[in-house]
Amino acid sequence: GDSVTQMEGPVTLSEEAFLTINCTYTATGYPSLFWYVQYPGEGLQLLLKATKADDKGSNKGFEATYRKETTSFHLEKGSVQVSDSAVYFCALSFYNQGGKLIFGQGTELSVKP
Amino acid sequence: EADIYQTPRYLVIGTGKKITLECSQTMGHDKMYWYQQDPGMELHLIHYSYGVNSTEKGDLSSESTVSRIRTEHFPLTLESARPSHTSQYLCASSEYGADGPTDTQYFGPGTRLTVL
């Protein structure tokens, strides 16, 4: 079945460090890909998305590129801040399947001053 | 910013009690979802709805039930709560086609349920 695999956390970085969170997927077809973020005590918020191969999603300094050849959607940020501390979820969906999201297991990021 | 609300935010109850978790959205979205988030953070779809009087079970089997009598309201009910139901429950909604071919979901803040 379709699935999403993320790098395991927790990830601890110093402020202004470079961030990469790896995400790969297994799917029959070409899903839409998402990164959601969950801040402590809150629900999930959409961070960015991409709908087709080579699309780049970006928001708040975060970027991810839809790589069909490697079935990947890695999240990157050039300089993290303490306020970026949260749990990040990679997810996929197929619009012709009602848009149900399939999530990765989540990666906890902690940024220290 | 999405307008989707969940109440209560936190609930501690004893075994055997009946509970209803409320979820409401003011965006007029047709699709609504319930996810269960375990302590290890993984999210599992337990129920979804494509519109009024439409409900389906999700990928993770759940003893809970849902109803969709009004577009904006999608409550989840546990008839007899048990400690194994202790979890965080997240509600979400989406409008097909709002962003073209993608189907972005908007999440509520969640209800953290503890069953003693």
Side-chain angles (χ1 to χ4, degrees), chain A residues 1-11 21 29-53 55-57 59 64 66 73 85-110, chain B residues 1-10 21 23-25 27 29-51 54-60 88-112:
Chain A
D2 302 329
S3 65
V4 177
T5 301
Q6 292 180 230
M7 68 183 283
E8 291 193 14
V11 174
I21 300 178
Y30 303 106
S32 296
L33 300 175
F34 304 81
W35 277 101
Y36 281 84
V37 59
Q38 185 176 31
Y39 297 103
E42 297 184 12
L44 275 69
Q45 301 174 25
L46 178 67
L47 182 60
L48 52 83
K49 62 186 179 186
T51 61
K52 59 184 185 297
D55 267 3
K56 178 185 282 188
N59 186 28
Y66 191 143
F73 194 54
S85 298
V87 179
Y88 293 81
F89 291 91
C90 186
L92 66 82
S93 76
F94 289 95
Y95 73 90
N96 60 353
Q97 293 180 14
K100 292 183 288 179
L101 285 167
I102 296 173
F103 286 95
Q105 71 270 38
T107 301
E108 183 177 4
L109 170 67
S110 178
Chain B
E1 189 167 319
D3 295 317
I4 180 163
Y5 308 99
Q6 291 186 243
T7 58
R9 291 293 311 276
Y10 303 92
L21 307 184
C23 175
S24 296
Q25 49 95 6
M27 298 169 285
H29 288 172
D30 291 326
K31 298 179 182 178
M32 296 189 75
Y33 310 83
W34 276 104
Y35 293 88
Q36 185 173 337
Q37 185 172 29
D38 63 29
M41 300 184 300
E42 285 201 47
L43 287 144
H44 302 282
L45 180 67
I46 52 174
H47 298 284
Y48 60 99
S49 167
Y50 290 153
S54 155
T55 61
E56 302 287 344
K57 290 190 177 296
D59 302 322
L60 180 68
Q88 167 138 288
Y89 293 84
L90 293 169
C91 181
S93 71
S94 67
E95 181 183 29
Y96 177 74
D99 296 295
T102 60
D103 196 359
T104 302
Q105 292 188 18
Y106 299 91
F107 283 79
T111 294
R112 186 167 295 282

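A note on names: the letters A, B, ... follow the listed sequences, proteins ahead of strands, and every chain is numbered from 1. Just so it is clear, the structure is predicted and the values come from calculations on it, not from any experiment.
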Please report the shortest heavy-atom distance between [X] and [Y], naming the atom on each side.
X	Y	value
B:Gln37	A:Phe89	NE2-CZ, 3.4 Å
B:Gln88	A:Glu42	NE2-O, 4.3 Å
B:Phe107	A:Leu44	CB-O, 3.2 Å

Contact between [X] and [Y] at the side-chain level, heavy atoms closer than 4.5 Å - yes or no?
X	Y	value
B:Glu56	A:Lys100	no
B:Met41	A:Gln38	no
A:Leu101	B:Tyr33	no

Which atoms of B:Arg112 are under 4.5 Å from chain A, going by heavy atoms: the side chain, the backbone, both sets, or neither?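 It is neither, since no heavy atom gets under 4.5 Å.
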
Check each atom of B:Gln6 against the heavy atoms of chain A and say whether the ones under 4.5 Å are side chain, backbone, both or neither.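 Looking at B:Gln6, nothing touches chain A.
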
OH (A:Tyr30) with more than 12 external heavy atoms under 6.0 Å: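 Not more than 12 within 6.0 Å, no.
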
Of the listed residues (B:Leu43, B:Leu45, B:Leu90), which shares the most heavy-atom pairs with chain A below a 4.5 Å separation?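 That would be B:Leu43.
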
Side chain / backbone / both / neither for A:Leu46 at chain B, heavy atoms under 4.5 Å: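 Only the side chain of A:Leu46 comes within 4.5 Å of chain B.
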
